[in-house]
Each structure stands twice: as C-alpha cells, then as structure tokens.
Amino acid sequence: MNIVVVLKQTPDTESVIRIAADGKSVVTDGFKWIINPYDEFAVEAALRLKQQHGGTVTILSYGPQRVVESIRTALAMGADNAVMIADDAIESYGRLKLAKAVAAAIKQLNADIVLMGSRAVDYDMAQRGPMVAEFLDWPHLPLAVSIECDGSKVTIQRPIEGGKVTMQSTLPVLVTFGGSHAVWNPRYASLPGIMKAKKKPLATKSLADLGLDAAEFTPDKAKVRNISLEMPAERAAGRIINGDLDTAGKAAELVRVLHEEAKVI
Amino acid sequence: MKIGSNERARNAFIIQNTCLTRPFLCPEIRLHLVTDACRLWYATQPDLEKIGLEDPYWGFCWAGGQALSRFILDHPEWVAGKRVLDFGAGCGIEAVAASMAGAEHLLASDIDPMAAAAIKLNAGANSVAIETTILDLVGDPLQDFDVVLAGDMFFDPAFAGKVLSWFQDLAARGIKILLGDPSRGNLHEAPLQPLAVYQAPADVDIAGKHLQKTTVYTVTELSPAARETVD
C-alpha cells in the first residue's frame, strides 16, 4: 500500500507568542518548531498500517528549509521517504492554494491512501484535509481516532457527543486524524532510526515541478486574509488563601471569598 | 551529562557507548560501533541534545563504506604504496582497510571531532596508523595524495553534486577516486565506472539481516569537451 502522510511544521505549543508590528502576524523568531501533533498521529497511524499491510510511507511537507528537520523526525519514526514542496512563502498564498499544491504533489505520488491531522495547532483552521480531498475528488473520513484497512476498504471511528461513529470508504481515500497523544501514543525515534533518517531520500519540488503556474501563487491572490490579531486580555493574579489558617479555616475563608468577592457561590 | 570538549573526554564517551564489532562485509576489521547492546542505541533526540551529541555517523558502519573497504581488501593494488585520503571518513573503516592493504600514508578527514576520535580508536583497535583532520577539504587540490576514498557520502543531492564536481577535478589531474554507494540515487550524472557490486547490510543493520545492492565505482576522467557538456 502506498501511504502518503501530509505533515505541517508548527510552533511548539509552549512557544511564547508575540504579535508582529503589522498587527496581523506573529513574531516567529526564537520559536521551537515541531511536527503538528495531529499530523504526528497520522504518521503513527501510517506506520501501523505499513506494519500490517507492507508498502511505503511517504512524508509530504511544505514550507521553508527549516521544515526539513520535522521531515527527518518523521523519517526517523520509520517513514520511508519524503517529498518537500520548497517554497518559503507557501502559507501566504492562502489555504486553498496550499491545498491545490499539496493535491498536485499527491497526484504525482500515486497514493492509495492519504493521512493527515484534522487541524494544526497554529491557526486551528481544519481546512487542509477537506480541501485536498476536494482537489483529489476523493472521499474524506474525518477526525479518526482509530483506523483499520483490509487492503481495499478503510474503516475509521470518530467521536461524536457521548459516543462514536464508525465510517467506511473504499480506497483511495483521505483520512484526517483527531484524538490525543493518549489515543495515538506516537512512537519516539531512537538513535538508529534518527541516523537512518539522515540518509533516506528527500525530494524537493517547486510549484513548477508540480505542474502549477507560479503566477497563481502569490500573497495578493489569497482569498482569505488575517485582518488583525489580539492577545487575550491579561488576567488578574491568582490569590492564595492564608496559609496560617488550619484546614477548616482555609475552607471557610475560601467559601467567604467565593461568595462575597468572586460572587460565584 | 554533556560530552567534554577535549580528546580524552571524547575517547571516554566513545569507549563507554560503543562495542567493538566486526562489520558484516569486513570481519577482519574491528570497529567501535553503536549496537543494540549499547545504551546510546536507545537514545532519543532529546537525550542526544541533553548530552550534546550531534549526528554520530561515526557510530555506524554504512553500506557504502563496507563495500568500498571489502573492495580495497580484495584489490590492494589500488592503494598499496600510495598516499591515500579517506574523505568523510566517519568510523574510518576505509582508512583501516587501506592501511591493511599496504597504503604508504593515510589521512582520514571528517569535520566532526567525535569522528576523528573514533577513527583514532578504530586505528588502534586494528593496530594501524591513521592521521586525522577535521578540516573541510572539499575543493582542496590534494597535491600530496594519489588516491581518495569516499564511502556512502552521496545521500544528499546538493552535497553529492558539490563533491562529485571536486572529484572530477581531482580525477582530471590523475588522482584515483574510489566511491561506495548503495544506490542512493544521487550519482546519475557523474562519469563513473563500476568496479564491483556487493550485497551490503542495510543502514544501521549490524547483523546483515537486510542487504542492499552496493556498488564500488571509480571516477573516470572526462575529455574537456565532455566536461563542458556535463558542466
């Protein structure tokens, strides 16, 4: 089975966010960059499918040169090879254009199944999967927390309020992943995997290599733009109940504060 | 705990974190390699960052290096009595093999000081003498050398192109170049003559459970007209 995992590099969620001078982007200096965790779940799912069915796992990513580090991490986990759409500004062309480029790359890879996170932990737009599925004219199974494949059909489970839905599609299909680290428990690469990854093939493609017209891919053609960003309002400092009181006294003081000052009980 | 920055600390780290191992294709050679019997084998990226260890290529014996070393041991006439450079030496297996095959003078180059330390230890483990340098020699005319060895250096397309261009210049001046490569796909435009094919272990596969076709080449000298076409 030819499995393609689409991988986005995002800032570590513990990064300190500062709004840039333009008021609609963030300062990326000093960020630690990681694989978008939901895409990491997709890598783990792909490797499990490969263990069951054989085949190859190809990582497909996009962006500037720093993305190579995240691609190598996925290769170290066990993926076989990678393709990178090398374009420093690809995110500025708009999500629809990004999806078009990703879909064009997938077409060249002759994939049976495409896996990716349901959303990314940066702007949390959740648009990439459905858009790519549309460009491919493939079915889309969303928010998977489990996946099985019998070689011709793919079955996933996705959560809904208070329960789960089981969904099925024939190949080829695009699956987006939800869940959490506790659900997927993505594997850690150890030294032999890390070193093997250094020598695995990583092909670099330009938009022209994908048969796309670069003139269509410019920031001014983006259909959706950020107008402004605002930081959350600063919260008042927390309050510590007097530590000199005994337990009953602390409880009484806590009740008084919640009732008289916070007025929540 | 961070690896110290002096030679003694580097040697201590290598000895503590490797096992003396005989490579699959060259059992007459012993090398300090990271195997599944070593704690370092199980280190994750955060562990490596914590100890300050960067990309320990020297801890593994790659397919291209093993095949090239086997070729040298079986065809000593390529290096016997010659001044030999092992370029991008890693663990230094090609340099050890060349010394065993009778090379007159050996220099192993690797920009990683840890590799230089590993090469010295591996020379000692095989009772041969090898000089090391951590200078980046790409582009150097190598006037004091007759033969250059390069095992498994061609996994990155951009770096492969740069090194092959340099190798063609060296070959044009009469320096013999020997390469080992397990079909990593970045040699297709180079003027190469295959000399031997081996089934070498897949990457980091110590026991040779999975083998991959690995070819030893020499860089051929192109005519000026042909070189213009390639350039």
Side-chain angles (χ1 to χ4, degrees), chain A residues 7 9 12-14 31-35 37 40 43-44 47 50-51 54 56-59 64-86 109 181 185-206 209, chain B residues 17-18 33-51 53-65 88 90-91 112 115 151-161 180-186 188 200-207 209-210 212 214:
Chain A
L7 182 154
Q9 188 184 54
D12 191 325
T13 49
E14 292 184 4
F31 273 0
K32 181 184 176 194
W33 297 92
I34 58 169
I35 300 175
E40 195 178 9
V43 175
E44 177 60 36
L47 296 173
K50 182 189 165 184
Q51 282 166 351
T56 59
V57 175
T58 300
I59 303 298
Q65 187 62 24
R66 62 171 154 73
V67 172
V68 169
E69 188 180 340
S70 292
I71 293 174
R72 292 284 177 206
T73 301
L75 292 172
M77 289 170 71
D80 298 287
N81 54 63
V83 173
M84 175 173 162
I85 307 171
L109 291 170
H181 267 90
N185 193 20
R187 66 196 68 190
Y188 277 102
S190 61
L191 185 60
I194 293 166
M195 294 311 295
K196 273 165 77 171
K198 307 283 180 193
K199 300 199 175 190
K200 287 182 179 176
L202 195 171
T204 301
K205 303 270 188 185
S206 66
D209 293 335
Chain B
N17 287 281
T18 60
L33 299 177
V34 181
T35 73
D36 59 3
C38 309
R39 202 167 61 172
L40 188 59
W41 179 270
Y42 304 96
T44 62
Q45 190 63 43
D47 296 333
L48 299 175
E49 286 167 13
K50 203 180 293 179
I51 58 177
L53 183 62
E54 286 187 20
D55 299 347
Y57 289 101
W58 53 265
F60 299 88
C61 193
W62 303 89
C91 65
D112 181 359
D152 225 325
M153 292 292 295
F154 304 100
F155 49 91
D156 176 78
F159 186 68
D181 185 75
S183 307
R184 297 207 189 271
N186 297 314
H188 41 273
D203 296 341
V204 313
D205 175 16
I206 306 283
K209 287 179 186 164
H210 306 283
Q212 55 188 337
T214 304

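Values reported hereafter were calculated over all heavy atoms of this structure, with side chains retained and with hydrogens, waters and symmetry mates removed.
A 6.0 Å sphere centred on CD of B:Glu49 holds more than 12 heavy atoms belonging to other residues, nucleotides or ligands. Other residues, nucleotides and ligands contribute more than 12 heavy atoms inside 6.0 Å of the CZ atom of A:Arg66. Heavy atoms of other residues, nucleotides or ligands lying less than 6.0 angstrom from CD of B:Glu54 number 12 at most. For B:Tyr42, the OH atom sits in a packed shell: over 12 heavy atoms of surrounding residues, nucleotides or ligands are nearer than 6.0 Å.
Looking at heavy atoms from C-beta onward, A:Ile194 lies in side-chain contact with B:Gln45 at the 4.5 angstrom threshold. A:Met195 has its side chain out of reach of B:Asp203: every pair of non-hydrogen atoms, C-beta onward, lies at least 4.5 Å apart.
The candidate from A:Ala76, A:Ser190, A:Pro201 with the greatest count of non-hydrogen atom pairs under 4.5 Å with chain B is A:Ser190.
Scored by the ring-ring contact (aromatic ring centres under 6.0 Å, His included) test, A:Phe31 finds A:Trp33 as partners (sequence neighbours excluded). Not a single ring-ring contact (aromatic ring centres under 6.0 Å, His included) links B:Trp41 to another residue, sequence neighbours left out.
The CZ atom of B:Phe60 sits 10.5 Å away from atom NZ of A:Lys196, with the distance rounded to the nearest 0.5 Å. Taking CG of B:Asp47 as the start and CG of A:Leu191 as the end, the distance is 10.0 Å to the nearest 0.5 Å.
If you measure heavy-atom distances from B:Leu40 to chain A, the contacts under 4.5 Å come from both the backbone and the side chain. Of the atoms belonging to B:Asn186, not a single heavy atom falls under 4.5 Å from chain A. When heavy atoms are compared at a cutoff of 4.5 Å, B:Pro56 approaches chain A by way of both its backbone and its side chain. Contacts between A:Pro192 and chain B at a heavy-atom distance below 4.5 Å involve backbone atoms as well as side-chain atoms. With a threshold of 4.5 angstrom between heavy atoms, B:Tyr57 approaches chain A through its backbone and through its side chain.
Looking at A:Lys199, its side chain does come within 3.5 Å of a backbone N or O of B:Asp152 through a donor-acceptor pair.
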